[in-house]
Amino acid sequence: MKFFVDTADIDAIRELNDLGMVDGVTTNPSIIAKSGRDILEVTKEICDLVSGPVSAEVVALDAEGMIAEGRKLAKIADNIAVKVPLTWAGLNACNVLTNEGNMVNVTLCFSANQALLAAKAGATFISPFIGRLDDINLDGLELISDIRDIYDNYGYETQILAASIRSANHMSDCAKIGADVATAPPAVIKKMADHVLTDKGLAAFVEDAKKANITIL
Ligand code: G3P
């Protein structure tokens with residue numbers, strides 16, 4: 001499973017990228033607003049840092065506006081994936097931008113039917129939001145699984161990009177289901193390394209090494 005990092009925080013992206021943990025980056029208007037930076041500038045900086053796809057989201061609501069914004073975003077770098085919302089206008093924009101040779105990420109997906117439409121529109125990525133479904137007592141992981149089945153049934157090449165990931169468990173659950181990509185905040189990716197038994201075991205090893213005076217360098 002590919003790891004995308006869901007942030008516009010350059011330092012956080014750099015830290016994970018240097019460790020080989022970053023296959024791409026996703027942003028959205030809320031993330032850009034949080035960065036306090038100009039969308040074109042910060043997106044360019046991310047694209048210079050990361051070689052994989054960098055999702056940059058349109059803000060227009062009509063297809064024509066999304067297409068114009070998407071074309072401008074796509075000019076930032078070769079690795080831009082234009083992100084459009086899963087509305088009828090967004091699907092229309094997806095179709096046009098895909099046919100022009102751009103990567104397109106269709107976001108705000110909350111149902112299998114929406115994911116089916118995105119695949120028909122030629123999306124490179126579909127972004128189902130797990131956490132926001134869980135927030136309203138629906139099952140985000142079940143949606144990932146349903147989309148996996150549907151795409152596999154027909155050989156759709158649209159990649160499932162699990163989004164709105166809130167916990168380390170979401171990451172392994174998505175990997176078990178077979179999501180192609182999971183995008184998560186840097187803190188969630190780092191949290192995947194934690195285990196109480198690792199901490200406990202390491203404390204015992206440190207203690208024993210001290211007692212036995214073990215030195216290596
Ligand atoms: O990738 C989408 C993500 O940014 C949304 O996450 O936690 O706001 O639902 P969240």
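Everything quoted here is computed from the prediction, not taken from an experiment. Counting starts at 1 for both ligands and their atoms, in listed order.
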Identify the protein heavy atom lying closest to atom 2 (C) of ligand 1, giving its residue, its atom name and the separation to 0.1 Å. F129 CZ, 3.4 Å
Minimum side-chain heavy-atom gap V106-V104 below 4.5 Å: yes
Do any N/O atoms on T26 end up under 3.5 angstrom from N/O atoms on ligand 1? no
How about T87 and M66: do any of their side-chain heavy atoms sit closer than 4.5 Å? yes
Quick one: are D23 and V181 in side-chain contact, heavy atoms under 4.5 Å? no
Nearest non-hydrogen protein atom to atom 8 (O) of ligand 1, with distance, is R132 NH2, 2.8 Å
What residue and heavy atom of the protein are closest to atom 4 (O) of ligand 1, and at what distance? D6 OD2, 2.6 Å
Just wondering, do L141 and C174 contact through their side chains at under 4.5 Å, heavy atoms? yes
When only distance counts, is N28 in polar contact with ligand 1, meaning an N/O pair under 3.5 Å? yes
May I ask you to check whether R166 has an N/O atom sitting below 3.5 Å from an N/O atom of ligand 1? yes
Would you mind listing which atoms of ligand 1 come within a distance below 4.0 Å of any non-hydrogen atom of A163? 1 (O), 2 (C)
Considering heavy atoms of the protein only, find what lies nearest to atom 6 (O) of ligand 1 and give residue, atom and distance to 0.1 Å. S164 CA, 3.4 Å
Should R132 and L108 count as side-chain neighbours, where that means a heavy-atom distance under 4.5 Å? yes
Among D173, D135, D134, which residue meets the salt bridge (charged side-chain N to carboxylate O under 4.0 Å, His left out) test with R166? D135
